[in-house]
Amino acid sequence: MTAFIHEDYTADTRPKSVINRWKNRRQKEGNESFLYPFGYGDGGAGPTRDHLEYARRLGNLEGVPKVKICSPVDFFEERREKRNLPEHTFCGEIYFPAHRGVYTSQAKTKKGNRAGEFAIREAEIWSAWKQNPEAAESLRELYKTLLLNQFHDILPGSAIARVYEVAEKEYADMMEQTAKLLSDTLQNANDPENSLSVFNSLSWEREVDVRLPDSWKGAVTEDGQVLKGQRDGDGWKVRVLVPSMGCTVLHRGEKMEEVTAAPVQKEDGYSLENPYLLVKVDAFGQLVSVWDKETGSEWLAGTANRFCMYRDTPRIFDAWDIDSMYEQSPVELPEKAVIEIGESGALYQSLRVMRKLNNSWLKQEIRLDSTSRHIDFVTEIDWQESHKLLKVNFPLDIQTDEMLNEIQFGYIRRPMHQSRTSDADRFEVCQHKWSAMTEAGRGAALLNDCKYGISGENRSLNLTLLKAAKAPDPNADIGKHTFCYSLYCWNTPFLSSQVIQKAYERNTGVCCVPGNSGTGSYLSVEKQNVIAETIKYAHDGSGDLILRLYESKNTRTTTKVWMDLAGFEVYEADMLEQAKQPLVHDKKSVSLTFSGFEIKTLRLVNKKQSQ
């Protein structure tokens, strides 16, 4: 049951307001009552004495709708008892057609938020696995800081300048504290000069590039395999396969297997190539072709990685809004880029791009990994604009009229057209780590590490990068910004794609610690669409462990979760971590069935500890 609320921003309980609200109620038939939230809204004060006194007087006053103060639960229970209620179902997103700028304003704070979320997750997981309960209280305080900065108006970017000075300092302190917690938790004194432990907190094995200690000339795995490497300044990077939620150990080597692979410069531009993709770049640093070598087909429907700037002068609410006509006021960006060949080697190859964007400067490394199907855009922008909006566009040759935008623990489908008024309203929407366009057997996605605003139209994904509001902070976003986004293309149905994994990997690094912590996996999940998001100590201080997983692609799935469960009783719990139902396990795994987008919480009770 749902109640649609249409109230004033600071709804009061004066007779005139209550009468007008009832008169303006469109759906009156069969509705003898409705919810009326009230209070002093902007500032968070809630109900005042005047609100409560007016409500008391309107309890039974002739000529005015009767008012009764109760909880929403009481309202719904009362409605449930009625037999003559009109019934209809609303399906789809209830989109709020305003304040679209808050997905982008104050970009440094949004980056701090994203980095903080993943840093605390990392520290939380390893403190639980490594049995470091002392870290739990420190993490709780860090969570309070993180959540405080998600408050209206901080994270939306609509507060005054002083707020962001404090928030950015708090994010920096948070990263420093989580790094120390990780170091203290994972440190190992076993052969630190000749061994390096690499920890992966994601619930699948992954390949990752690791920078070796400066004194090492090479690295070998536990089984003696010499790793391929690439120069990184005065040192080396090697590519390592790290097990699911586990650790792999590298040992000092005396040689490095180095393979040469470099970008190619031609008269009409540059190209990057690996076994899967051939990428062509023009004189502006834009992609003019992404050719799929496996299928012999083109991914682009036009010039991609194309920076588009617009005048951004909202009618009201400068930092809050993006007006619908912004595309009618483009800002020309005619300057070509200075391009040079960047990195080249066994792991990846890259181009370095420098370009002027109106009054701002762009530095970008376009990087193609040697073994994967994604192109990374490592970006730095010195933003010196006033009332401007910057997007980067990727038109894709994919037959679809909708895009998939990640939301928390799932995704939502949204239109890429303006056929109806409700479709036209959604000219700017919110995402988390990725947005995608798909056909039945292929698709492409834009991944990001801190960008929340995006638009999709005419089969183009348009990532919103920066906004230049002047109120309430006159210097909002002025200065340097660093971030990374990626184009990932695949030739399978969405269900078997790795878009979720690649988006997590874009946001989650690995932890490298001197010493030998032993190679192995602590946890793995049989089906790739089920993600182990959280491992933590129970909130009640009992010492129990909490494991939270979710189904990420909206399909019913039965899967095994492998981990050492010997000595544990396992319960399915609610979101408040209260044990509800015991689960049978074989000490090595537990079987779980998920419905689409379902979140499951397991509580692991140590038998000895509970006794």
Side-chain angles (χ1 to χ4, degrees), residues 5-6 9 41-42 92-111 113-114 150-159 163-164 307-331 381 383 385-394 402-408 411-437 446 448 450-458 460-473 476-477 481 483 485:
I5 309 298
H6 301 280
Y9 190 41
D42 201 3
E93 178 183 22
I94 305 174
Y95 177 81
F96 180 60
H99 293 351
R100 301 167 182 89
V102 300
Y103 308 143
T104 304
S105 293
Q106 298 289 0
K108 289 181 181 178
T109 293
K110 289 174 169 61
K111 182 176 181 179
N113 175 74
R114 178 78 66 85
Q150 291 181 355
F151 164 76
H152 154 95
D153 287 270
I154 303 173
L155 184 56
S158 48
V163 168
Y164 296 103
F307 289 91
C308 298
M309 187 179 290
Y310 307 93
R311 287 184 58 209
D312 177 43
T313 53
R315 184 175 58 87
I316 54 174
F317 296 122
D318 197 2
W320 288 259
D321 281 354
I322 298 173
D323 284 354
S324 60
M325 69 288 292
Y326 74 91
E327 289 184 309
Q328 299 174 19
S329 303
V331 177
I381 295 179
W383 188 239
E385 304 297 332
S386 176
H387 286 127
K388 300 294 189 299
L389 185 71
L390 183 66
K391 285 178 170 280
V392 62
N393 293 2
F394 285 80
E402 64 182 6
M403 60 179 169
L404 279 56
N405 303 121
E406 190 194 34
I407 58 176
Q408 55 273 49
Y411 63 84
I412 190 168
R413 296 179 181 271
R414 291 189 175 112
M416 299 182 75
H417 55 79
Q418 298 185 358
S419 302
R420 296 157 294 193
T421 302
S422 59
D423 301 324
D425 277 344
R426 285 178 275 191
F427 61 85
E428 181 82 4
V429 296
C430 184
Q431 62 168 4
H432 279 224
K433 301 184 292 296
W434 61 270
S435 290
M437 295 165 56
L446 273 184
N448 74 85
C450 62
K451 298 301 173 187
Y452 293 92
I454 194 168
S455 59
E457 57 185 1
N458 300 323
S460 178
L461 292 175
N462 311 315
L463 187 64
T464 311
L465 301 179
L466 290 165
K467 184 173 162 63
K470 292 299 168 186
D473 177 3
D477 283 319
H481 299 263
F483 50 88
Y485 55 90

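Just so you know, these numbers use all the heavy atoms, side chains as well, and skip hydrogens, waters and symmetry mates. Sequential numbering from 1 along the given sequence is applied to the chain's residues.
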Quiz item: Would you find a donor on one side and an acceptor on the other, under 3.5 Å apart, between the side chain of Asp423 and the backbone of His417?
Solution: no
Quiz prompt | N/O donor-acceptor pair under 3.5 Å between Arg426 side chain and Gly456 backbone | solution =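 Absent.
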Could you state the interatomic distance from [atom1] ([X]) to [atom2] ([Y]), rounded to the nearest 0.5 Å?
{"X": "Trp383", "Y": "Asp477", "atom1": "CH2", "atom2": "CG", "result": "8.5 Å"}
{"X": "Leu461", "Y": "Tyr485", "atom1": "CG", "atom2": "OH", "result": "13.0 Å"}
{"X": "Lys433", "Y": "Ile407", "atom1": "NZ", "atom2": "CD1", "result": "11.0 Å"}
{"X": "Lys111", "Y": "His481", "atom1": "NZ", "atom2": "NE2", "result": "10.0 Å"}
{"X": "Phe427", "Y": "Glu457", "atom1": "CZ", "atom2": "CD", "result": "10.5 Å"}
{"X": "Leu389", "Y": "Lys391", "atom1": "CG", "atom2": "NZ", "result": "6.0 Å"}

Quiz prompt | Within 45° cone and under 6.0 Å: Lys110 NZ/CZ vs Tyr452 ring | solution = no
Practice problem: Apply side-chain contact (heavy atoms from CB on, under 4.5 Å) to Glu385 and Asp312, showing your working. | Solution: CA-CA 10 Å; Glu385 304 297 332; Asp312 177 43; over 6 Å; no
Quiz item: Step by step, would you call Asn462 with Ser460 a side-chain hydrogen bond (donor to acceptor under 3.5 Å, both in side chains)?
Solution: CA-CA 6 Å; Asn462 311 315; Ser460 178; 2.7 Å; yes
Are any non-hydrogen side-chain atoms of [X] and [Y] less than 4.5 angstrom apart?
{"X": "Met437", "Y": "Leu446", "answer": "no"}
{"X": "Cys430", "Y": "Tyr95", "answer": "no"}
{"X": "Val429", "Y": "Glu93", "answer": "no"}

Quiz item: More than 12 heavy atoms of other residues, nucleotides or ligands under 6.0 Å from OH of Tyr310: is that the case?
Solution: yes
Practice problem: Using the side-chain contact (heavy atoms from CB on, under 4.5 Å) rule, take Val331 and Arg311 through it: C-alpha gap first, then chi angles, then the decisive distance, then the call. | Solution: CA-CA 7 Å; Val331 177; Arg311 287 184 58 209; 4.2 Å; yes
Exercise. Before giving the answer on side-chain contact (heavy atoms from CB on, under 4.5 Å), spell out for Phe483 and Leu465 the whole-Å C-alpha distance, their side-chain angles and the decisive distance to 0.1 Å.
Key: CA-CA 9 Å; Phe483 50 88; Leu465 301 179; 3.8 Å; yes
Quiz item: side-chain contact (heavy atoms from CB on, under 4.5 Å) between Ile322 and Lys467: does it pass, once the steps are laid out?
Solution: CA-CA 9 Å; Ile322 298 173; Lys467 184 173 162 63; 4.1 Å; yes
Mind listing the side-chain donor-acceptor pairs of residues 102-109 below 3.5 Å, one per line with the distance, residues two or more places apart or on another chain?
unit_1, atom_1, unit_2, atom_2, d
Ser105, OG, Gly101, O, 3.3
Ser105, OG, Ala319, O, 2.8
Gln106, NE2, Asp473, OD2, 3.0

Taking every non-hydrogen atom, the tightest pair across [X] and [Y]:
{"X": "Gly453", "Y": "Leu463", "result": "O-CD1, 3.8 Å"}
{"X": "His432", "Y": "Asn448", "result": "O-ND2, 2.8 Å"}
{"X": "Ala476", "Y": "Ala469", "result": "CB-O, 3.7 Å"}

Practice problem: Scan for side chain to side chain donor-acceptor pair (under 3.5 Å) pairs involving residues 321-331, sequence neighbours excluded, and state none if there are none. | Solution: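 The answer is His99-Asp321.
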